[in-house]
2 protein chains.
Amino acid sequence: MKSPRQPPELTEAEWAIIKAVWKREPCAAPDIQEELAGQKGWAYSTVRTLMDRMVRKGYLVSEKIRHMDLYRSAVTPKQAQKAELLYALKHAFDNALTPMVQRLLETRELSPTELEELETLIRERRKQAAAKKPERRQDHEHLD
Amino acid sequence: MKSPRQPPELTEAEWAIIKAVWKREPCAAPDIQEELAGQKGWAYSTVRTLMDRMVRKGYLVSEKIRHMDLYRSAVTPKQAQKAELLYALKHAFDNALTPMVQRLLETRELSPTELEELETLIRERRKQAAAKKPERRQDHEHLD
DNA sequence: TTGACATATTTACAGATGTAAAGAATACTT
DNA sequence: AAGTATTCTTTACATCTGTAAATATGTCAA
């Protein structure tokens, strides 16, 4: 037996699908087929199969409206992104966050703007952390 | 046909293997089997199969020394980490780096130390970038 | 040389994934 | 009502992954 990449752990094809769903939900399979026709050129049945499998996995939900199946996402972008990051963090970096960011910075040339954004990001965090210093953290707005 | 997650794109099992190889290379399959016996409890033949597949995929190389097969990694940790990051960056974040870091910061509670490390990291980068400002970038020590 | 080990090779098999054709059902148009 | 377009359902199949038993083969100690 295998432990399938925990909660949302998407494959490349699944990422394509769910991104299209996020963009147009609630939506029918043919919508997604069209949406992806350009990049993927998948046949309707392909898209459909993928979507139904994703329903079984809990990434999407579908409900039948008369003759049609309507799909919606069952995970938010946030959740899916987080899962992807956790996967990388765990396997490629043994959960060490700093090295991960470091490698990320080396991964491609950053524009001054990006660097600035990042610095601001971190500084904000630091301010926050400092502010709520005396608190027993563990539960914040982690409702995603 | 399918485009297999470009260059090094490792599965969970493969990550386990290659990390063990990095730790002990050059090494024989039984070494790795032992090394992972604890966490994974894989049979020798399992480890062996995985390793040989990884050779075919170009993640490892092996050479026969008399009666034994010696394995080495064919990709560096850096390369593998980078590939993993690129995968996440591309699929989960549409190549937008800042959002990725942002999500990463929300992904778990960061210690003040970590935050400080991160800030330093970015500041260093910024300094570098500023220094070599007038250069036509595109080619640095990106030999990984 | 004969076992006993250590190591390698072959073969298997279930489940996941990528991809889709063909056939069935429903709805829309004229 | 018949034909056409739309959507769904079934079935298929190759490849990849996780997992390993069984078998063979080379090595070394007695």
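Not measured: the values here are computed from a predicted model. Lettering follows sequence order; numbering is per chain, from 1.
The distance from the OG1 atom of T11(B) to the CD atom of E14(B) is 3.5 Å, given to the nearest 0.5 Å.
Shown here are the salt bridge (Lys or Arg N to Asp or Glu O under 4.0 Å) partners of E114(B), two or more places apart in sequence or in another chain: R108(B).
Rounding to whole angstrom units, CG of residue D31(A) and P of dT6(D) are separated by 13 Å. Between R66(A) atom CZ and dT6(D) atom P there is a gap of 18 Å when expressed in whole angstrom units. We find that CG of L50(A) is positioned 10 Å from P of dA20(C), with the value rounded to whole Å. Regarding M51(B), its CE atom lies at a distance of 16 Å from the P atom of dA20(D), rounded to whole Å. Between E9(B) atom CD and dT17(C) atom P the separation is 15 Å, expressed in whole Å. What separates CD of E12(A) from P of dT15(D) is a distance of 19 Å, to the nearest Å. Straight-line distance from the CD1 atom of I17(B) to the P atom of dA20(D): 12 Å, rounded to whole Å. For the pair W15(A) CH2 and dG18(C) P, the interatomic distance rounds to 14 Å; values are reported in whole Å.
Side-chain contact of H91(B) with E84(A): a donor-acceptor pair under 3.5 Å is absent, judged by distance alone.
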Identify every side-chain donor-acceptor pair in residues 30-38 of chain B under 3.5 Å, counting partners at least two apart or on other chains, and give the distances.
{"residue": "D31(B)", "atom": "OD2", "partner": "A28(B)", "partner atom": "N", "Å": "2.9"}
{"residue": "Q33(B)", "atom": "NE2", "partner": "W42(B)", "partner atom": "O", "Å": "2.7"}
{"residue": "E35(B)", "atom": "OE1", "partner": "R24(B)", "partner atom": "NH1", "Å": "3.0"}
{"residue": "E35(B)", "atom": "OE2", "partner": "K23(B)", "partner atom": "NZ", "Å": "2.8"}

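Side-chain heavy-atom separations under 4.5 angstrom define the hydrophobic clusters, and V61(B) shares its cluster with no other residue. Listed by chain and number, the hydrophobic cluster partners of M68(B) are I65(B), L70(B), where partners are ILVMFWY side chains within reach of under 4.5 Å, directly or through others.
The closest side-chain heavy-atom distance from R125(B) to E106(A) is below 4.5 Å. With a 4.5 Å cut-off on side-chain heavy atoms, Y87(B) and L85(B) do not count as touching.
Salt-bridge annotation for R48(A) and D52(A): present, with a side-chain N of the basic residue lying under 4.0 Å from a carboxylate O of the acidic one.
Within 4.0 Å of K57(B), counting heavy atoms only, lie sugar-phosphate atoms of the nucleic acid but no base atom.
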Polar-atom pairs under 3.5 Å, protein N or O versus N or O of nucleotides 8-14 of chain C: list them with distances, or write none.
{"residue": "dA8(C)", "atom": "OP1", "partner": "D69(B)", "partner atom": "N", "Å": "2.6"}
{"residue": "dA8(C)", "atom": "OP2", "partner": "Y44(B)", "partner atom": "OH", "Å": "2.8"}
{"residue": "dA8(C)", "atom": "OP2", "partner": "R48(B)", "partner atom": "NH1", "Å": "3.3"}
{"residue": "dA8(C)", "atom": "O5'", "partner": "R48(B)", "partner atom": "NH1", "Å": "3.3"}
{"residue": "dT9(C)", "atom": "OP2", "partner": "R48(B)", "partner atom": "NH2", "Å": "3.2"}

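Checked against dT19(C), dA27(C), dG18(D), the side chain of T46(A) finds its nearest nucleotide in dT19(C).
Note on the helix from dT1(C)-dA30(D) to dT30(C)-dA1(D): angle between the axes of the first and last five pairs equals 10°, rounded to 10 degrees.
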